[in-house]
Structures are given as C-alpha cells and as structure tokens.
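Note sheet for the following structure.
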Protein chains: 2
Amino acid sequence: MSRTWNQYVVKQENKALVLTTIINHTPISRAAVAQSTGLNKGTVSSLVSELIDEAFVTESGPGASSGGRRPVMLLFNAKAGFTVSVDLGVGYIQAALTDLNGEIVQVEKKQVKESTFDLVFETLVHLIEQLIKHAPVSRYGVIGIGVGVPAVVSHEGEILLAPNLNWKNIQLKQALEDVFDLPILIENEANAGAYGEMRFGFKQPPKDMIYASIGIGIGAGMILDGKLYTGKSGFSGEIGHMTIVKDGTSCRCGNVGCFERYASEQVLLEHAVKRHLIKANEDLSLDTLIKKAEAHDQEVLQLFEEVGEYIGIGLTNIINIFNPEVVLIGNRLRDLQKWLIPPIEHYIHSRAIGFHQQDLTVDFAKLENFSTVKGMAAFTIERFLAQLKDI
Amino acid sequence: MSRTWNQYVVKQENKALVLTTIINHTPISRAAVAQSTGLNKGTVSSLVSELIDEAFVTESGPGASSGGRRPVMLLFNAKAGFTVSVDLGVGYIQAALTDLNGEIVQVEKKQVKESTFDLVFETLVHLIEQLIKHAPVSRYGVIGIGVGVPAVVSHEGEILLAPNLNWKNIQLKQALEDVFDLPILIENEANAGAYGEMRFGFKQPPKDMIYASIGIGIGAGMILDGKLYTGKSGFSGEIGHMTIVKDGTSCRCGNVGCFERYASEQVLLEHAVKRHLIKANEDLSLDTLIKKAEAHDQEVLQLFEEVGEYIGIGLTNIINIFNPEVVLIGNRLRDLQKWLIPPIEHYIHSRAIGFHQQDLTVDFAKLENFSTVKGMAAFTIERFLAQLKDI
DNA sequence: TAAGTTTGTCCACAGGTTGCACAAAGGTAG
DNA sequence: CTACCTTTGTGCAACCTGTGGACAAACTTA
C-alpha cells in the first residue's frame, strides 16, 4: 500500500526537517531554523519545544545579536543515546560506543586468532556487553547495535557468504537478537564504510560516491543520489569480480581476470612470495612490505606501482560507468596511499573519459580505520530517528 | 532550501497518488482507489472530481457489481494531451506522436544522409512540425517535445559530445526552444531507452535494471531503486569504455581494451571486412551480415558467437557490480538476439557470481525500436504531470 | 419482498500550518 | 541616557485538508 499523506505525516516530516537542520547547523536559533527550512516561525517554535521535551535538543545561552534581540541558541543533544557499532574484520573485531553524532566515545579492539563462528561470536558478544556496561546514563540509552562484516549480506541480515572468514549461511542478526534486546543491523563492510565516509567524512556530503574497500578482496559501497545503493537483493558492489583481463588469472568466484586478482592485499602477498621480497624469517604481512617500502626497497616499490596501475584500471572503469563525484579507497590498502597515489592518478588522468574527470575527486578514506564503525553508527542512528515517527 | 510540508503539498501528493492509481489500474472505481491507496472514501471522491474537471479522468458506465451497488468506473484519459518524442540516431530520425499512456499515435521515420547539424536540425524541425500539425484536438494539446540522442548530454540539455554524429557542444535544447514554444527535454539515448523499457515494457516495472544499448558504440541506461541514475553531471553509463582486456585494442576515447572495441556494430563490421565476410559488391552493413547468418554462413555465425562472448564478459561485470533484477540489450544488436542469446547466457551462467543470478533476467529490449521514443515520452509526460503540482 | 452489501456523497470535527500582532530584549545614534 | 529601530520568539485566529461516520442510492440474494 502506498503511503498516504495527511496532517500527521506533515508534522513528522517537518519535525524531522527541523531536527536535521539543528543537527547540521548546531548551534542555531529558532529564527534561523525557520529561515533555513522555510517554515513559519510559530511552527518551528512548537516543533522545537517538542524536540526539547524529547531530549533531542537543548537550549544554550543567548547567542550574538545581529542588531536586535539576542537569539536563544539550540543545540543537538548528541548524548541523548548511544550506539554500539562494530567492525567485524578478518582476524580482529573493533567495537565502539558512539553518540548520536557518530562520535566515538569508547573503542575496543581485539585480535581473534581463529575465525570459527563460535569463537568470533563469543568475543563479539563480550565486547558488546562491555561497551553497553560503560555507556553513560542517557535518556534513550543504547539505541541499537550495528555490525559491519566482510560478507555478502541479504536484506534480511543473513550472512550468506563470507569467503575470508569461511562462513556460510549464518544467522548473525538472529543470534545477536537472542542475546541482546536491542535493534540489530548487519551490513556489508564496504557499504557501511561508504555510508560512514559520506555522512561524516565531508563538510558537504557528496551525492554520488564510490567507496572501494581494498583489503584481502575488493568490494565497493555505492552512494548514488545521496542514498546507499544495495541492488535487488542487497549484493551489489562486487567490483572485485569485474573482469579486467580477458582470459586472465582464474578466481575462486569461478570467473577469470577478476580485478581483485590483480589488486588486493592477497595479490601483494602472493607476489611478495613469488618474487622473494619477504625472507623466511620475516612476517608475511602487509606491514612487512610497508616497512620495506619505507626503507626504499626498489622491488617492493615496483610491486606497489604495478598494483597501483591495476587499481587505476579498475577505478577508471568505475568512473566511466558511474560518473561519481568522489571515489574513495579504504580498508587495508589505504595504508599504502603514499605509494599508490601517483600510479592511480596517472592512470585515471590519462584514461578516464575527460568529462567524467571534471568535478571528480579521487582520494583515500578520511575516517582512518573507523569508516565501517561510523557507517554502522550512522545506520543505527538513522533507523532510530526514523522509527520515532511511527510512535 | 529544503522542501517544507504543508496542507497544499499533502493535497498534491494525494492527488498524484490517486491519478497514478487510476492510470495503473484503469478502469477502477472510487471505492477501489480508496482501498488501494488507503485514503478515505470522501477524500478520493473530492480529488477525483478535480481530476475529472481537469480532463485527466473520465467516468465510464457502471462496472460489474460485487454484491452491492454497481461502481462507476474511472478511466485515465490518455488523450488529454500528446507528446512529440524523437529518437535522433545516426543516419535516421524517428519521431512519434504519443498519448499520455506512451502509446504511439503516429510515427515518422526519415533517413538523413549526412550528419551535419544544420541538415539534421532542419529535418528534425520539419518532422516535429508535421506531428504537431497532426495532433488530435485535446484539452492540453502537445505538452512537450523530447529528443533522445546518442551523445553525452549535460543535466542542462546541452550536447557536449556526440562522437558518431561528429557533434560537439551543441545547444540543441536552446535551438528547439527558439522554434517551438513548448517544454523541451534532451536525454541520452540509452537513458531514454532504459526508462522507456522500465515504464512500458513490464507488467511489474523492475526497480533495478540495466539497459545496455549496443549499437555503433555501447552505452547503458541505469534504473536504480526505480529511478534513472545519471551521475554527478549526467554522464553516467559509459560502460562501453570499461576496460575488459588489459593492454587491449586502443579506443578513440584514449583508453585501451574498452568493451565496445570487442562488442559493437562497429566491431562486427570491422571484423567482417578483415575476414572478407562481405564481398566488395555487397553492402557493408549489419543487415548484410544478418542475411548471411540466416543462410547459415558458418564464418558469420562464428563471428556472432565471438562477439556474444565478449558481450557476456561486459554484462557479467555489470551484473557483479549492480546486482540488478533485469539486464536488457537494446539498439542495433537487438536484431542479432537469435544468435547472441546462447553465448551470452552461457557466459553469464558460468561466470557471474551465483547469488546475483538468483532473480536475474537477461533479455532483449521489448519495445522493438521504440525504446528511446517511449522513454522520451515517459520523461515528457512525467514532467508535465509533476509540473501540474506547482500551479 | 425483505434483508444485506457495496458505492459514493455529505458534513462536523480534528489537527496542522500560516500570517500577523505583539511582547521581550537588545542595538544605535544623538 | 533616551528614543527609535531591529531581531527573536510566542500567541491566536483563520484556513485548509483528511478522517470517520451517517446516509442515500443501487444492486444482489434468499
């Protein structure tokens, strides 16, 4: 059934509009909200007084006068509730308590040696319990839990496949709901990263942005027309399995010449072994390679450049397809940005369609290693605020 | 300034909802509209009476009783106005008069030998004038003109580049506005095709659909979340310039290994020449190749199969990236569907990610050669109906 | 023929926004 | 210091639209 419009809906929409305006411009006066939204002053006053009752907005002292009566400034009360937001990675779990602004209040990170679901789940639950215990007292308490996973996740929150964790058909959402009596959100890590970067990484959030999460594999989160795009079933963004080399290296996905067989952490390590760049007594890890690159190891630098060029190929394809405003590179290969920038930029500049390069920014994730965590926080907050309308 | 909600907006939204319901379910009674929309019976009555006054809806005789008073059936009056919708191709112009249902009332097609803008524009204006002259008398007359072009079109309707027409920076919209005092819409041909197929090619329009227009080059129109996605500047969909062969054939776009260098009308003809499939006294055209294929020319069939496999590669990439519900192939290569289906389906089935193949339909355009025309009609109609709200 | 059902209209009512008047609070110029 | 202007925020009447129920019309069914 389509949504019908009546006075109640109007009020909720306007109330949400006022709250969003306050969040984005805090501190702001009632008069300024009225001007910015186009709503009548009286309407704003009445909606604001409800928002104050609901603890989402607080009044601070008077602001500076602009030639008349001094305004009462309104503040968004980001401490009215908290989220527990988790980045469940391969070999680690990073969990954070955030406020309603997505600001991290407390963060915990634990290495998990084995990726068996039972062990991971136990660690996850323990971390979440810790954070909930430490949450400050607030009007709404912990409003929800969000977990970003490197997996194909259905719209219903089921983990269909997590190749790097070796998981298949896991009801993570259900399992968490059995433990915690809170709303649970499960999302793909790249989708969450994209959303986090869009919401919290820019002064003016881009409307069309592709976030390429390049770690062991490659996934993408896509912000299109200001919204996260997830595809028909929630599986979009598998840019790692885009063929860029016809009849190329075969991939476990069943295809050949896949992007992520030429540009990923996995590939870097494979080449490091093949080319004997890492000795037997050294750790086979990205960090080892980074150290060598810092020490100007020519062969490692050469490898980085080669991978950079392949990333350039993949991103050029994406740019030509989407005409995005921003392309961000996140996840593990973000740590290689110093070396990757020149080959990537060079490739894109020389190969992408000229029109698409106007107004295009190619950059690395800005939220350090918190893209996924903050994205999950954003989802949880948004869901919470949206659900208020149904009351 | 954000849009504010008030009683007027509520009314316009509900009125639009009622009209859409009538359009989609015509004929339908007031009571059924109320049930389907969730609106109150009284509200529906009053909105319908306005729609009747505005000539968008007419009453027909009583319908069948379902055990009580017989309902008065409401019909959408598709003849309340007409659009002139044009497919401006390479070498031809196809223009049609459509009603508000997108049904073609009259269609004119003219071959244009040279693609100089002056000649094309003269022909275009002449065709449009003819159609306007023949438009039936109606309440709103001709409500707008839409032109789909094989070009990079800005959001503002400027043709930035039409490689196959050899046009650059042409103000087509402005030029038409100088001649006709009607709203003018200019869109990329693939975007229009996608929209036309989505709106008029299905009983239940798909929400996520990729329309690959494979002609001389390859472009795509993307319907994402039920809306046409055009990218930051309106240039999205250049899937023809996605690299599928690293270090492959160079393309005039400056890149190498582009999709459209392996799978397009252009490539078919180039290979036909190179392999001596077409004799000197024969016409170098797709139609010649089709005739030979119909006659079971093994070499031609082999060529079609090769191209089909490349199309499979490109579409597999698209499917992995978007997780669409429907992928359609339109434009010239639609005529080769008989021969292209097996290799394309085989490639996609064996290579695309399994999850993405669930609920996926790969097919050819269903609106024959009217995808673009009907898409432009849909844009024009939608714009007309939307603008009614501003009155 | 009577009872029940469905359709569509009418009308009082509720709730929301608007526009304006007005009070409160501060600035500014002489 | 005073008089006047500007800005902010509240209060209130007017207006608009959807809702819900009553009701009449029209038809089916037993």
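Residue numbers begin at 1 in each chain, while the letters A, B, ... track the order of the sequences.
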Exercise. Does A:Asn14 make a side-chain N or O approach to OP1 or OP2 of C:dG16 shorter than 4.0 Å?
Worked result: no
For this session: Would you indicate, yes or no, if C:dT5 has its OP1 or OP2 atom less than 4.0 angstrom from a side-chain nitrogen or oxygen of B:Ser65?
Result: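 No, no such contact exists.
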For this session: Nearest-nucleotide wise, let me know which of A:Thr43 and B:Gly68 is further upstream toward the 5' end of DNA chain C.
Result: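 On the 5' side of the pair lies B:Gly68.
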For this session: Would you mind telling me which residue lines up with the more 5' stretch of DNA chain C, A:Pro62 or A:Gln7, judged by nearest nucleotide?
Result: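 The residue mapped nearer the 5' terminus is A:Gln7.
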For this session: Indicate, with a heavy-atom threshold strictly under 4.0 Å, whether B:Asn40 touches base, sugar-phosphate, or nothing.
Result: base
Exercise. Which is true for B:Val44 with a 4.0 Å heavy-atom rule: it touches a base, it touches only sugar-phosphate, or it touches nothing?
Worked result: nothing
Distance check needed: [N] [atom2] versus [X] [atom1], whole Å only.
X: B:Leu47; N: C:dG8; atom1: CG; atom2: C1'; result: 14 Å
X: B:Gln35; N: C:dG8; atom1: CD; atom2: P; result: 12 Å
X: A:Arg69; N: C:dA24; atom1: CZ; atom2: C1'; result: 5 Å
X: A:Leu17; N: C:dT17; atom1: CG; atom2: C1'; result: 14 Å
X: A:Lys11; N: D:dC16; atom1: NZ; atom2: C1'; result: 17 Å
X: A:Glu13; N: C:dG15; atom1: CD; atom2: C1'; result: 17 Å
X: A:Asn6; N: D:dC16; atom1: CG; atom2: P; result: 19 Å
X: B:Arg70; N: D:dT29; atom1: CZ; atom2: P; result: 13 Å

Exercise: identify the closest heavy-atom pair between [X] and [Y]:
X: A:Thr20; Y: A:Ala16; value: OG1-O, 2.6 Å
X: B:Ser154; Y: B:Phe235; value: CA-CE2, 3.9 Å
X: B:Ala378; Y: B:Tyr195; value: CB-CD2, 3.7 Å
X: A:Lys173; Y: A:Ile184; value: CE-O, 3.4 Å
X: A:Arg70; Y: A:Pro62; value: NH2-CG, 3.6 Å

For this session: Among the candidates C:dG16, D:dT17, D:dT8, find the nucleotide nearest to the side-chain atoms of B:Val10.
Result: D:dT17
State the [atom1]-[atom2] distance between [X] and [Y], to the nearest 0.5 angstrom.
X: A:Ile145; Y: A:Glu177; atom1: CD1; atom2: CD; result: 9.5 Å
X: A:Leu224; Y: B:Asp225; atom1: CG; atom2: CG; result: 8.5 Å
X: A:Leu39; Y: A:Asn14; atom1: CG; atom2: CG; result: 4.5 Å
X: B:Ser36; Y: B:Leu17; atom1: OG; atom2: CG; result: 7.5 Å

For this session: Please tell me which of A:Ser66 and A:Ser45 maps to the more 5' nucleotide of DNA chain D, matching each residue to the nucleotide holding its nearest heavy atom.
Result: A:Ser66
Problem set entry | Residue whose closest nucleotide on DNA chain D lies nearer the 5' end, B:Lys41 versus B:Tyr8 |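 Comparing both residues, the 5'-ward one is B:Tyr8.
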For this session: State plainly whether the residues B:Arg30 and B:Glu59 are in salt-bridge range, i.e. N to O under 4.0 Å.
Result: yes
Exercise. Among residues 25-32 of chain B, which residues get a heavy atom nearer than 4.0 Å to DNA chain D?
Worked result: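 Listed by number, there are none.
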Any N/O pairs under 3.5 Å between the protein and nucleotides 28-30 of chain C? List them or say none.
none

